[in-house]
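Inspection log for the structure reproduced underneath, given as structure tokens.
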Amino acid sequence: MIHAIKGTRDILPPSSTTWNRVEAVARRIFANYNYQEIRTPIFEETALFARGVGEETDIVSKEMYTWEDRDGTSLTLRPENTASVIRAYIEHRMDQIPGPKKLYYMGPMFRRERPQKGRYRQFFQIGSEVIGSESPATDAEVIEMVVAILTGCGVKDIHLIINSVGCKECRPGFNAALKEQLQSIKQHLCENCQRRAETNPLRVLDCKVPADQPYVEKLPSILDHLCQNCTNHFATVRQFLDDRQIGYEVRPRLVRGLDYYTRTTFEIVHGALGAQSSVMGGGRYDGLAESLGSKISSPGIGFSIGEDRLVMILEETGAAEPVSLDLYIAPMGDAALRHAGILARDLRLQQVSVEVGEGKLKRLMELANKANAKHTLILGDNEITAGTYALKNMTSGEQRSMTRSELVDHLTAKN
RNA sequence: GUGCCUUUAGCUCAGUCGGUAGAGCGCUUGAUUGUGGUUCAAGAAGUCAUGGGUUCAAUCCCCAUAAGGCACCCCA
């Protein structure tokens with residue numbers, strides 16, 4: 001037996017319906033906010049991710065699917081999409097198009113991690129990028145939009161966390177201050193944190209070991225080390241969020257794993273997800289375009305929603321809607337089957353969803369019920385000679401005899 | 001990549017203190033002629049994850065591998 005490889009999976013009905021619904025909601029909301037879709041290749045030159053995401057990040061250093069192409073080029077399956085979008089933006093000189101560029105995408109990403117609930121090697125993201133604006137109003141609109149998408153999909157209990165991680169002016173100073181303080185207290189911390197104190201001091205702030213908390217809490221907050229510009233920027237973002245009455249928690253210890261983030265960072269967590277509690281993460285990346293070779297400054301901000309996790313939340317909280325069918329036709333006999341085929345074709349042309357069965361009536365009624373049909377049409381010799389149809393409402397059990405035009409009106413009115 | 005747990009019918013799980021297996025749900029068929037969601041009956045379906053070892057004998061014990069889950073790590 002050949003089966004799906006580790007960390008990948010098949011998305012089957014009825015779950016695929018939820019996936020489609022999520023994507024439809026996202027597309028609709030993106031359109032409302034004047035975003036347009038961008039589709040970039042699934043694989044890129046390895047150098048793009050190494051430079052964009054950061055050579056030292058876990059993603060690049062140990063999680064990428066990388067191979068050598070036949071001409072010797074190193075290629076990589078995309079582990080995220082922001083670097084590709086920026087690459088395309090630069091390559092196609094999209095800076096020449098007036099106004100900020102508002103782009104969205106959805107599709108598979110690949111990271112070779114150990115699979116868990118809510119974590120797959122091929123996983124799907126729905127995300128967006130705004131390039132060419134560093135206005136706090138943009139940050140607020142982006143955050144508002146992502147909340148709208150999740151809410152629109154039916155997610156309850158959205159918990160939004162925001163922070164500012166500073167810019168290239170102020171972050172180095174904070175890092176130095178943090179490192180210095182860690183030197184003095186590090187003997188009191190857990191093994192992990194002692195290691196992080198050297199390799200990635202910001203991560204110590206994220207430590208969950210209870211014994212470490214008294215020390216971690218006394219570490220400096222990035223918010224106290226922001227430069228004036230970043231302080232003002234973050235305060236304005238918060239003000240705009242307050243204007244919109246969007247609830248959030250400022251968590252100075254929210255840190256992000258990708259190197260390119262600057263200033264505003266944000267994340268939405270949900271209790272239904274277990275250890276992989278984050279359903280969406282995002283932030284500003286003002287220096288990314290330059291680090292990928294752009295000659296002109298192109299500040300940007302974006303987010304990505306973990307679609308697998310979003311669907312999981314909807315399924316676990318019962319927010320996934322069952323599929324339903326407008327009409328199930330139960331023909332009895334050859335003449336009825338022919339008649340049913342034509343009737344079904346005509347109704348489908350009028351946007352009525354129709355299934356035609358074949359077999360004994362009792363069996364067809366069962367199938368209609370299992371298909372979650374709203375109505376069943378019973379079609380036999382009696383009906384054909386009389387020129388009427390027997391339409392049964394599967395919820396109430398009521399059955400009515402009607403003419404063809406009454407039938408069409410009845411079914412199309414329900415839509 | 002590390003540690004721990006799990007793996008028996010399509011699904012959820014029992015079980016044999018080592019003698020090749022069961023339930024519920026689901027599926028198929030039937031309960032006289034054209035009516036579902038309830039009921040009743042019958043039936044199909046499992047090399048008990050894979051490979052090896054111990055044993056007269058392994059689904060059960062041991063080892064390895066794989067997949068899944070949880071924690072770490074990291075992230076969406």
Regarding A:Y120, tell me which of base, sugar-phosphate or nothing describes its non-hydrogen contacts under 4.0 Å with the strands shown.
base
Would you list the pairs meeting ring pair (Phe, Tyr, Trp, His ring centres under 6.0 Å) in which at least one residue belongs to residues 119-162 of chain A, sequence neighbours left out?
A:W19-A:F124
Just jot down the side chain to side chain contact (heavy atoms under 4.5 Å, CB included) partners of A:E267, sequence neighbours excluded, or say none.
A:L254, A:R256, A:V269, A:S278
Aromatic centroids of A:Y104 and A:F30 separated by under 6.0 Å:
yes
Scan for ring pair (Phe, Tyr, Trp, His ring centres under 6.0 Å) pairs involving residues 307-342 of chain A, sequence neighbours excluded, and state none if there are none.
A:H339-A:Y389
With the criterion being N/O to N/O and under 3.5 Å, what pairs connect the protein with nucleotides 41-48 of chain B, and how long is each?
none

Under the side chain to side chain contact (heavy atoms under 4.5 Å, CB included) test, residues paired with A:A340 that sit two or more places apart:
A:I329, A:P331, A:V356, A:L379
Out of B:rA76, B:rC70, B:rC74, which nucleotide sits closest to the side chain of A:Q116?
B:rC70
Just jot down the side chain to side chain contact (heavy atoms under 4.5 Å, CB included) partners of A:A148, sequence neighbours excluded, or say none.
A:I29, A:Y33
Partners passing salt bridge (charged side-chain N to carboxylate O under 4.0 Å, His left out) against A:R39 (at least two apart in sequence or in another chain):
A:E37
Please list, for nucleotides 27-30 of chain B, all pairs of protein and nucleotide N/O atoms separated by less than 3.5 Å.
{"residue": "B:rC27", "atom": "OP1", "partner": "A:K370", "partner atom": "NZ", "Å": "3.3"}
{"residue": "B:rU28", "atom": "OP1", "partner": "A:R363", "partner atom": "NH2", "Å": "2.3"}
{"residue": "B:rG30", "atom": "OP1", "partner": "A:K360", "partner atom": "NZ", "Å": "3.0"}

Who pairs with A:Y215 by side chain to side chain contact (heavy atoms under 4.5 Å, CB included), at least two apart in sequence or on another chain?
A:I185, A:H188, A:L189
Can you tell me which stems RNA chain B forms, taking runs of 3 or more consecutive Watson-Crick or G-U pairs with both distances under 3.5 Å?
B:1-7 with B:66-72, B:10-13 with B:22-25, B:27-31 with B:39-43, B:49-53 with B:61-65
Work out how far the P atom of B:rG68 is from that of B:rU12, and round it to whole angstrom.
15 Å
Quick one: pull up NZ in A:K101 and NE2 in A:H92 and give me the separation to the nearest 0.5 Å.
14.0 Å
Looking at residues 10-27 of chain A, who's got a heavy atom less than 4.0 Å off RNA chain B?
none
Could you list, one pair per line, each protein nitrogen or oxygen that sits under 3.5 Å from a nitrogen or oxygen of nucleotides 4-6 of chain B, together with the distance?
{"residue": "B:rC4", "atom": "N4", "partner": "A:R114", "partner atom": "NH2", "Å": "3.4"}

